[in-house]
Amino acid sequence: MKIVRTVADLRAQVRDWKAAGERVALIPTMGALHEGHLSLIKLGQVHAQRTVASIFVNPRQFAPHEDFDSYPRGEARDVELLAEVGCDLLFAPNVAEMYAPGFSTAIEVSGVSEPLEGAARPQFFGGVATVVTKLLIQAQAQVALFGEKDYQQLQVIKRVVRDLDLPVEIIGAPTARAPDGLALSSRNAYLSAEERAAAVALPTALKTAAQAVAAGGRVDEAEAAGKAALTAAGFGRIDYFDVREAGDLSRLGPGPISGANARILVAAWLGRTRLIDNMAV
Ligand code: AMP
């Protein structure tokens with residue numbers, strides 16, 4: 001697998017592939033790769049002849065008090081994993097390559113980026129939308145893949161691509177989970193053994209709520225029961241446990257919903273680790 005660190009080298013390689021008639025897929029990541037990331041590469045290989053992964057821990061999407069400095073990093077292992085699954089190219093720029101001195105442009109998305117993660121982490125989606133827009137323009141791939149694990153992020157990116165007419169197809173990939181159901185995440189590495197055991201309550205609570213709402217139960221009751229189950233399992237602060245419209249993430253309920261395309265999204269703290277997950281109803 002080839003590794004490039006500049007936009008010019010990335011563009012030159014992608015240009016050559018496209019000139020040879022090959023379709024190119026981009027898979028943006030922040031590294032600390034796991035099977036979830038690798039499932040995106042594999043899905044990319046279904047949609048394109050060439051896959052480009054990027055690894056960039058984007059300082060602009062972390063607030064000053066968040067885990068930018070401690071975020072897990074390990075490029076050597078990431079490179080091995082990417083090569084093993086047959087990824088063709090890694091784009092791993094440094095901060096100076098992504099943000100030239102005087103950088104002063106931002107992509108701000110209203111509406112879908114405002115509730116949930118947007119409310120809990122006000123800096124987050126501006127940083128994500130800006131860096132993903134840059135990566136899409138830099139790579140000029142025909143396809144880009146993002147995980148449903150970060151469901152609201154996927155909706156925000158789809159909005160940016162529609163609104164800015166970016167010539168790329170955005171594909172969402174299902175969430176890869178551990179055998180007990182916990183969504184794979186780079187941040188799971190922060191969990192102690194005890195916390196890791198308790199974390200299974202997150203997908204379990206989502207599943208229970210999804211079944212209750214699908215069976216005609218009240219939204220407010222499913223949300224309250226989900227929060228209570230997390231608290232009982234040892235979770236601390238629950239930022240949200242919400243049943244939402246699956247496309248624009250507007251509120252649903254409080255009563256039963258029939259025929260709505262609904263998604264349940266959760267963010268909750270286990271010790272010092274913030275976990276997010278979501279499930280379709
Ligand atoms: P990250 O490195 O956490 O920024 O994630 C990079 C990409 O991988 C994003 O599109 C995520 O949604 C996706 N991703 C992360 N975890 C998973 C997972 N468990 N299953 C599927 N995709 C995932």
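What you see is a predicted model, and the numbers here were worked out from it, not measured in a lab. As the structure lists them, so they are numbered: ligands from 1, and atoms in each ligand from 1. Sequential numbering from 1 along the given sequence is applied to the chain's residues.
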Which N/O atoms of ligand 1 sit under 3.5 Å from a protein N/O, and at what distances?
residue: ligand 1; atom: 2 (O); partner: Met30; partner atom: N; Å: 2.9
residue: ligand 1; atom: 2 (O); partner: His37; partner atom: NE2; Å: 2.9
residue: ligand 1; atom: 5 (O); partner: His37; partner atom: NE2; Å: 3.4
residue: ligand 1; atom: 10 (O); partner: Gly147; partner atom: N; Å: 2.9
residue: ligand 1; atom: 12 (O); partner: Gly147; partner atom: N; Å: 3.2
residue: ligand 1; atom: 12 (O); partner: Gly147; partner atom: O; Å: 3.2
residue: ligand 1; atom: 12 (O); partner: Asp150; partner atom: OD2; Å: 2.6
residue: ligand 1; atom: 16 (N); partner: Leu184; partner atom: O; Å: 3.4
residue: ligand 1; atom: 19 (N); partner: Ala176; partner atom: O; Å: 2.9
residue: ligand 1; atom: 19 (N); partner: Leu184; partner atom: O; Å: 2.8
residue: ligand 1; atom: 20 (N); partner: Ala176; partner atom: N; Å: 2.8

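Contacts of Arg177 classified as side chain to side chain donor-acceptor pair (under 3.5 Å), with partners at least two apart in sequence or in another chain: Asp277. Judged as a side chain to side chain donor-acceptor pair (under 3.5 Å), and not counting sequence neighbours, Arg15 has no contacts.
Using a cut-off of 4.0 Å between Lys/Arg side-chain N and Asp/Glu carboxylate O, Glu223 and Arg244 are scored as not salt-bridged. A salt bridge is absent between Lys134 and Glu97; no separation between the charged side-chain nitrogens and carboxylate oxygens falls under 4.0 Å.
In this structure, Tyr190 shares a hydrophobic cluster with Met30, Val57, Phe62, Phe68, Tyr71, the cluster being traced through Ile, Leu, Val, Met, Phe, Trp and Tyr side chains under 4.5 angstrom apart.
Checked against Val160 for a side chain to side chain contact (heavy atoms under 4.5 Å, CB included), the options Thr133, Val128, Val132 give a single hit: Thr133.
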